[in-house]
Number of protein chains: 2
Amino acid sequence: MKPTAKQVAHEADVSISAVSRAFSPGSSIDPAKRQRILQVAAQLGYTSPARRTAEMISAGTVTLVAGDLANPFYPLVLDTLAKALQAVGRQLLVYTIAPGTDMDQLTPQILAARPNALVVTSARLTSDMARACRQHGIRVVLLNRIQSDVRVNAVACDNHAGGRDAATFLMARGRRRIGFIGGILDTSTHRDRAAGFREALQAGGQSLFAEAAGGYTYRGGYVAAQAMLTQKTRPDAVFCCNDIMALAAIDAARELGLSTPDDLSVIGFDDIPMAKWTSYRLTTIRQPITRMINEVVNLIEAGAAVAIDDTATSILPGKLMVRGSA
Amino acid sequence: MKPTAKQVAHEADVSISAVSRAFSPGSSIDPAKRQRILQVAAQLGYTSPARRTAEMISAGTVTLVAGDLANPFYPLVLDTLAKALQAVGRQLLVYTIAPGTDMDQLTPQILAARPNALVVTSARLTSDMARACRQHGIRVVLLNRIQSDVRVNAVACDNHAGGRDAATFLMARGRRRIGFIGGILDTSTHRDRAAGFREALQAGGQSLFAEAAGGYTYRGGYVAAQAMLTQKTRPDAVFCCNDIMALAAIDAARELGLSTPDDLSVIGFDDIPMAKWTSYRLTTIRQPITRMINEVVNLIEAGAAVAIDDTATSILPGKLMVRGSA
DNA sequence: ATCATTCTTTGAAAAGATTTCACGGAGACA
DNA sequence: TGTCTCCGTGAAATCTTTTCAAAGAATGAT
């Protein structure tokens with residue numbers, strides 16, 4: 001019935017010992033032979049008992065690689081994901097990496113834990129990592145980041161539409177000198193939000209009045225806004241690529257004696273809890289976190305059934321929350 | 001050399017099969033017999049291979065139970081802990097629970113993952129849970145919470161001294177109507193900070209001018225501050241039990257046309273990133289996160305060597321960061 | 001109350017996997 | 001070239017899990 005080591009040994013024309021050795025790391029065996037045995041074993045569907053229990057243990061484990069916990073949006077994501085996974089009885093392993101770093105040095109650690117799935121948010125997935133995951137049968141879901149260079153599942157907010165909505169809204173309010181403070185240039189969130197924003201501006205007969213990159217941080221957003229607002233002619237509105245930069249822009253304006261929204265309209269993206277604070281009342285595009293996480297969990301759960309290499313991309317609509325800042 | 005099932009069987013006067021069954025959950029065996037076998041096995045130091053690999057896999061896993069990710073202090077803790085554990089090659093499992101909830105319903109899930117250690121922050125550890133952990137040899141560390149009803153390790157900031165420092169500082173600035181906005185009454189952070197604050201006030205010949213509880217949330221802090229500031233005679237200073245409530249107090253004051261620090265001095269606790277933002281420039285007690293996490297990791301690593309039931313409590317000094325708000 | 005049936009528990013034995021052992025061959029070094 | 005060491009190997013020994021058959025306890029129907 002169940003495939004045994006003996007069958008594998010016979011098929012691969014080696015001894016039973018060799019099969020056992022192939023499955024225990026660190027035992028002395030010719031790498032080529034191990035490769036062949038593993039291949040035959042995979043074909044017959046054989047797994048060693050040790051590996052079987054290992055799979056038992058780590059069954060239902062999801063690894064999250066988070067890039068930027070300093071942005072309050074991501075703790076929110078983490079919290080939502082943690083609760084969603086708890087609800088379906090899965091475990092959540094968390095790794096964080098410094099923003100901008102890639103995750104290659106973590107690869108061995110991550111793979112050693114043998115998670116069922118890998119959720120990556122706000123961090124770059126290298127193609128090496130993607131390949132390694134595919135090899136180990138680990139389902140990968142990119143959250144809020146779309147990469148065309150690797151074929152993986154992705155769930156994101158409709159950043160393009162969000163950018164468009166922001167532009168449309170500002171133009172409808174009669175703004176004529178509209179600026180944009182971006183995040184990190186080679187991220188899909190930056191690109192899509194910028195593209196949608198620019199596109200709608202163009203459709204409304206306007207073009208970008210000013211532009212800068214704020215690196216998704218408060219500090220960066222503050223510096224960028226300050227620079228924009230101290231020009232000879234300053235913008236009367238800015239769309240910021242995320243909320244903390246938008247809050248920074250409001251702070252910078254305030255520091256210069258400008259008031260929002262009279263002197264400067266500010267729109268952000270994310271709808272972090274601070275956006276509601278009375279000092280800010282930030283108008284922003286809300287990301288549908290709960291729905292996004294549901295989608296992620298669905299993809300992970302489906303992953304067990306469906307073939308592993310399908311590339312589903314799920315884009316969910318954001319929602320413009322109009323508060324006081326624009 | 002190594003103890004085998006046969007030895008255990010002989011010692012416990014049962015068959016080898018029985019020993020095997022005792023170790024595989026769900027097999028039919030008399031519970032009393034299993035108990036006896038497990039005890040003999042523990043005495044001889046025998047573990048079944050399945051369990052051995054299971055221990056291999058989950059070796060170095062630390063579980064964090066976080067209660068309140070909405071307070072930006074805890075994402076900071078999470079990030080620091082994640083990086084520290086990554087550095088020593090351990091895995092971090094994360095669970096979150098709604099603030100105020102206790103963690104008993106998570107117990108089976110948490111134990112099933114067989115972590116090496118459990119770090120609990122901003123959540124209540126029940127004595128059942130503590131007992132279960134002790135039984136399974138899981139080292140427990142309470143972070144930023146001290147419970148006298150269970151005997152576990154704890155790492156915290158010196159909340160008492162922090163409260164004292166806040167009071168001393170406000171009095172030195174000539175404040176005479178000093179209020180306090182607390183968190184949740186039955187938390188040790190609240191109690192210790194309040195006690196230290198009150199004590200120093202008393203030593204300076206003053207007493208609390210006003211007092212309210214803000215539940216550690218922005219909303220709660222805002223409401224509390226608003227209520228205090230709309231009294232006939234309002235306080236000229238408030239010490240808030242954490243930073244988000246302090247920011248809320250500043251917002252509430254601002255909304256009422258009061259300025260900080262002229263009309264109202266505000267001091268917080270934690271030193272979250274937002275405290276530095278130019279709209280707030282919050283004077284606050286900084287918690288030494290890095291040192292606290294180091295301490296936690298030390299306790300966990302030491303846990304392997306030292307006996308399991310020692311009750312180490314490590315209190316680290318905070319530091320008053322003087323900015324603009326007081 | 002009695003008998004049949006089923007379920008649980010159990011050790012013996014079979015089956016399966018890992019570890020040990022002894023051997024053979026490939027390089028390293030004199 | 002000889003010897004020594006180290007790696008890879010299958011056979012065999014050892015260890016563990018699983019299957020099997022039997023005994024006993026519990027349940028239920030008559």
Side-chain angles (χ1 to χ4, degrees), chain A residues 1-61 108 111-114 116 135-137, chain B residues 1-61 108 111-114 116 135-137:
Chain A
M1 208 71 247
K2 293 167 210 155
T4 78
K6 195 191 275 183
Q7 290 172 42
V8 176
H10 188 259
E11 196 76 17
D13 202 29
V14 293
S15 69
I16 301 178
S17 322
V19 176
S20 175
R21 278 191 268 263
F23 276 92
S24 34
S27 50
S28 90
I29 186 173
D30 180 37
K33 182 179 271 193
R34 161 175 281 160
Q35 196 68 23
R36 195 173 79 242
I37 293 173
L38 255 41
Q39 193 176 326
V40 171
Q43 230 164 47
L44 295 178
Y46 171 81
T47 46
S48 77
R51 178 153 303 188
R52 219 143 41 210
T53 56
E55 275 164 13
M56 250 355 184
I57 293 288
S58 54
T61 299
L111 293 178
R114 302 199 171 282
N116 274 190
Q135 236 169 39
H136 288 78
Chain B
M1 208 70 250
K2 294 167 210 152
T4 79
K6 195 190 274 181
Q7 289 171 44
V8 176
H10 188 259
E11 197 77 16
D13 201 30
V14 293
S15 68
I16 302 178
S17 322
V19 176
S20 175
R21 278 192 268 264
F23 277 92
S24 33
S27 52
S28 86
I29 185 173
D30 180 38
K33 182 178 269 191
R34 161 175 283 160
Q35 196 67 25
R36 196 174 78 244
I37 294 174
L38 254 41
Q39 192 175 327
V40 171
Q43 229 164 46
L44 295 179
Y46 171 81
T47 46
S48 76
R51 179 153 301 188
R52 220 146 37 213
T53 56
E55 274 165 13
M56 258 339 189
I57 293 288
S58 53
T61 298
L111 293 178
R114 302 196 173 284
N116 273 189
Q135 237 170 38
H136 288 78

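Below, chains carry the letters A, B, ... as their sequence lines are ordered, and counting in each starts from 1.
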Rounded to whole Å, how long is the line connecting atom CD1 of B:Ile37 with atom C1' of D:dT16? 14 Å
Atom pair distance, as rounded to whole Å: CD1 in A:Ile29 and P in C:dT19: 13 Å
Closer to the 5' end of DNA chain D via nearest nucleotide, is it B:Arg21 or B:Ala5? B:Ala5
Looking only at the side chain of B:Ile16 (C-beta and beyond, no hydrogens), which of the listed nucleotides C:dA13, D:dT9, D:dT16 gets closest? D:dT16
Minimum-distance nucleotide to A:Asp30 side chain [options: C:dA17, D:dT16, D:dT9]: D:dT9
Determine the contact category for A:Ser17: base if any of its heavy atoms lies under 4.0 Å from a base atom, sugar-phosphate if only primed atoms, P, OP1 or OP2 are that close, otherwise nothing. base
Residue-phosphate contact under 4.0 Å: A:Lys33 side-chain N/O, D:dG10 OP1/OP2: yes
B:Ile16 side, atom CD1; B:Gln7 side, atom CD - distance, nearest 0.5 Å: 10.5 Å
Taking the side chain as every heavy atom from C-beta outward, state whether A:Arg34 and A:Ser27 have any pair of such atoms under 4.5 Å apart. yes
Expressed in angstrom and rounded to an integer, what is the separation of B:Arg34 atom CZ from C:dT9 atom C1'? 12 Å
Measure the shortest side-chain to side-chain distance between A:Phe23 and A:Arg51 over non-hydrogen atoms and say whether it is less than 4.5 angstrom. yes
A:Arg51 CZ to C:dA17 P, in whole Å, measures 14 Å
Of the candidate nucleotides C:dT18, D:dT16, C:dG11, which contains the atom at the shortest distance from the side chain of B:Tyr46? D:dT16
CD1 on B:Ile37 to OG on B:Ser20, rounded to 0.5 Å: 9.5 Å
Using every non-hydrogen atom in the two residues, find where A:Arg21 and A:Ile29 come nearest and quote the distance to one decimal. CB-CD1, 4.2 Å
Which nucleotide, D:dT9, C:dT10, C:dA17, lies nearest any side-chain atom of B:Ser28? C:dT10
Kindly say if A:Ser20 contacts the phosphate of C:dT18, meaning a side-chain N or O under 4.0 Å from OP1 or OP2. yes
Between NE2 of A:His10 and P of C:dG16 the distance, given in whole Å, is 15 Å
Which nucleotide wins on minimum distance to the side chain of A:Ser48, given the candidates C:dG11, C:dT18, D:dG10? C:dT18
